[in-house]
Amino acid sequence: MNPIGRPMRDETCGFLGLGRMGEPMAANLLAAGVKLRVWNRSPAAPARLAARGAMPMPAARDVLRSSGTVILMLANEQAADTALERGEPGFADNVNGLLLLQMGTTSPEYSRGLAADVAACGGRYVEAPVSGSRLPAEQGALVCMLAGGMEDVARARALVAPMCRQTFACGAAPGALLTKLAVNLYLITMVTGLVEAVHFARVAGVDLATLRSVLDAGPMASAVSTMKLDKLLAGDLSPQASLDDVLMNSRLVADAARAAGIATPLLDASHLLYAEASAAGFGAADMVGVGAAIEARTVGQGWG
């Protein structure tokens, strides 16, 4: 502690949460020369990153209390609160004097409350959710939305540059998360539509290679459609974004929409399909595993 009772901090960045997205994101920071303290609940990822120059720490609070800036890329709100010790006596020392970047996807209301709690303890907070899955994370090609004070957003933008090909300022929190939820709504309904189209073509006897060529040549082609078509046609369910993660994100969008009195009929239909696929055991699969629910409905109605 320093003489005025605040944790001693330096310019080293901290990174909490080294899962499917977090580990490649942290690796890109290290490749760019960022000094990084890291923590994860399981030790394998910190050990791999140590070989790249990261400093693994035994506990999240060790990262929080020694770093000037800390990135959170944790699975959910509960995991973030646990790592921060939010609601416990240690929270104030964990965030006092800290710039906290929340890069995970949470509810807007959660983020608004966390921002207020961090500020009340002398810290600064930036929402920085990203759009993209593991492959863009590995390529440093994520898209980042930023919300917070202007100076803090500028500092965050410079820090996330090795992980993100583009960044966008979204005003005050929770502007970035509301933007991210709108993006997710489009992504979820778009991919669900693509999966349903492939299922329709397969059952109807359409040549799938021809369908692929037509879709790739048409105005709806995108990096997402190309990547998901690859997986669908190969029967590859290895997760880029797991179906259960998509289901969680769908709930976040739906909850935010209900709170604002917004109808989401396409999302609601997709949400039911993801819930059915998860219940059938496809939760750890890629989101294209939602096709299992579509297929089950076809068979259940005697059409396939």
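For clarity, every value in this text was computed on a predicted model and none was experimentally measured.
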In residues 159-167, what donor-acceptor pairs under 3.5 Å come from side-chain atoms, sequence neighbours left out?
from: R165; atom 1: NE; to: A141; atom 2: O; distance (Å): 3.4
from: T167; atom 1: OG1; to: R157; atom 2: NE; distance (Å): 2.7

> Where is the tightest heavy-atom contact between P46 and P56, given as atom of each residue plus distance?
Replying inline: O-CG, 3.6 Å
> Are V118 and L101 connected in the hydrophobic side-chain network, where two residues link if heavy atoms are under 4.5 Å apart?
Replying inline: no
> Considering all heavy atoms of both residues, which atom of L98 and which atom of G68 are nearest to each other, and what is their separation?
Replying inline: CD1-O, 3.5 Å
>> Taking the side chain as everything from C-beta on, heavy atoms only, tell me whether E127 gets closer than 4.5 Å to M145.
In response: no
> With the 4.5 Å side-chain cut-off for hydrophobic clustering, are L247 and I294 part of the same group?
Replying inline: yes
> Would a 4.5 Å heavy-atom cut-off, applied to side chains only, mark L29 and I71 as touching?
Replying inline: yes
> Just wondering, do T179 and F168 contact through their side chains at under 4.5 Å, heavy atoms?
Replying inline: no
>> Is any side-chain heavy atom of Y274 closer than 4.5 Å to one of S250?
In response: no
>> Is there a path of hydrophobic side-chain contacts, each under 4.5 Å between heavy atoms of I/L/V/M/F/W/Y residues, joining V224 to L181?
In response: yes
> Is there a side-chain contact between E276 and L273 (heavy atoms, below 4.5 Å)?
Replying inline: yes
> Hey, what do you get for OG1 (T189) to CG (L266), rounding to the nearest 0.5 Å?
Replying inline: 6.0 Å
> Taking atom CG of L185 and atom NZ of K180, what is their separation to the nearest 0.5 Å?
Replying inline: 12.5 Å
>> Could you tell me if the side chain of L49 sits less than 4.5 Å from the side chain of L30, heavy atoms only?
In response: yes
Show me the side-chain donor-acceptor pairs of residues 251-263 shorter than 3.5 Å, one per line, residues at least two apart or across chains.
from: R258; atom 1: NH1; to: I262; atom 2: O; distance (Å): 3.3
from: R258; atom 1: NH1; to: T264; atom 2: OG1; distance (Å): 3.1
from: R258; atom 1: NH2; to: T264; atom 2: OG1; distance (Å): 3.2
from: R258; atom 1: NH2; to: D268; atom 2: OD1; distance (Å): 2.7
from: R258; atom 1: NH2; to: D268; atom 2: OD2; distance (Å): 2.8

Donor-acceptor list for residues 283-293 side chains, cut-off 3.5 Å, not counting sequence neighbours:
from: D286; atom 1: OD1; to: K228; atom 2: NZ; distance (Å): 3.0
from: D286; atom 1: OD1; to: Q240; atom 2: N; distance (Å): 2.9
from: D286; atom 1: OD2; to: K228; atom 2: NZ; distance (Å): 3.0
from: D286; atom 1: OD2; to: V288; atom 2: N; distance (Å): 3.1

>> Apply side chain to side chain contact (heavy atoms under 4.5 Å, CB included) to residues M25 and M103 and explain how you reach the verdict.
In response: CA-CA 11 Å; M25 291 166 68; M103 298 193 76; 3.7 Å; yes
>> Does Q139, at its CD atom, have more than 12 non-hydrogen atoms belonging to other residues, nucleotides or ligands within less than 6.0 Å?
In response: yes
Atom pairs and distances, donor-acceptor, side-chain atoms in residues 230-238, under 3.5 Å, two or more places apart:
from: D230; atom 1: OD1; to: R212; atom 2: NH1; distance (Å): 2.8
from: D230; atom 1: OD1; to: R212; atom 2: NH2; distance (Å): 3.0
from: K231; atom 1: NZ; to: D236; atom 2: OD2; distance (Å): 3.1
from: K231; atom 1: NZ; to: S238; atom 2: O; distance (Å): 2.7
from: K231; atom 1: NZ; to: S238; atom 2: OG; distance (Å): 3.2
from: D236; atom 1: OD1; to: S238; atom 2: N; distance (Å): 2.9
from: D236; atom 1: OD1; to: S238; atom 2: OG; distance (Å): 2.7
from: D236; atom 1: OD2; to: S238; atom 2: OG; distance (Å): 3.4

> Is the closest side-chain heavy-atom distance between V130 and M73 below 4.5 Å?
Replying inline: yes
> Which pair of non-hydrogen atoms, one from C121 and one from V95, has the smallest distance, and what is that distance?
Replying inline: CB-CG2, 3.6 Å
>> Could you measure the distance from the CG atom of L100 to the OG1 atom of T69? Nearest 0.5 Å is fine.
In response: 9.5 Å
> What pairs of residues pass the side-chain hydrogen bond (donor to acceptor under 3.5 Å, both in side chains) test when at least one of them lies in residues 16-31, not counting sequence neighbours?
Replying inline: E23-R48
> Do other residues, nucleotides or ligands put more than 12 heavy atoms under 6.0 Å from the CD atom of E196?
Replying inline: no
>> On a heavy-atom basis, which atom in L74 and which in A83 lie closest, and how many Å separate them?
In response: CD1-CB, 3.8 Å
> Does the pair E151 and R124 meet the rule for a salt bridge (Lys or Arg N to Asp or Glu O under 4.0 Å), with working shown?
Replying inline: CA-CA 10 Å; E151 291 184 6; R124 302 182 325 279; over 6 Å; no
> Any idea which heavy atoms bring A115 and Y125 closest together, and the distance?
Replying inline: CB-CD2, 3.3 Å
> Can you tell me if CE on M248 sees more than 12 non-hydrogen neighbours from other groups inside 6.0 Å?
Replying inline: yes
>> Under a 3.5 Å threshold, yes or no: a donor from one side chain and an acceptor from the other, between D81 and Y110?
In response: yes
>> On a heavy-atom basis, which atom in V63 and which in G14 lie closest, and how many Å separate them?
In response: CG1-CA, 3.5 Å
>> Evaluate L114 against L84 for side chain to side chain contact (heavy atoms under 4.5 Å, CB included), listing each step before the verdict.
In response: CA-CA 10 Å; L114 180 57; L84 294 171; 3.8 Å; yes
For residues 170-178, run the donor-acceptor check on the side chains, cut-off 3.5 Å, and write out each pair with its distance to 0.1 Å, sequence neighbours left out.
none

> Do L99 and V38 belong to the same hydrophobic cluster, where Ile, Leu, Val, Met, Phe, Trp and Tyr are linked whenever their side-chain heavy atoms lie under 4.5 Å apart, directly or via other members?
Replying inline: yes
>> Please determine whether residues L267 and Y186 belong to a single hydrophobic cluster, defined as Ile, Leu, Val, Met, Phe, Trp and Tyr linked transitively by side-chain heavy-atom distances below 4.5 Å.
In response: yes
>> Run L194 and L215 through side chain to side chain contact (heavy atoms under 4.5 Å, CB included) and show every step you take.
In response: CA-CA 10 Å; L194 177 64; L215 287 173; 4.1 Å; yes
> How long is the span from the OG atom in S278 to the CG atom in D244, to the nearest 0.5 Å?
Replying inline: 3.5 Å
> Donor-acceptor pair, D62 side chain versus M57 backbone, under 3.5 Å?
Replying inline: no
> Would M220 and S225 satisfy side chain to side chain contact (heavy atoms under 4.5 Å, CB included), going step by step from the backbone distance to the final call?
Replying inline: CA-CA 8 Å; M220 295 176 291; S225 71; over 6 Å; no
> Is any side-chain N of the basic residue among E138 and R134 closer than 4.0 Å to the acidic one's carboxylate O?
Replying inline: yes
>> So if I apply the side-chain contact (heavy atoms from CB on, under 4.5 Å) rule between R37 and each of V70, T12, L64, L16, which one comes out positive?
In response: T12
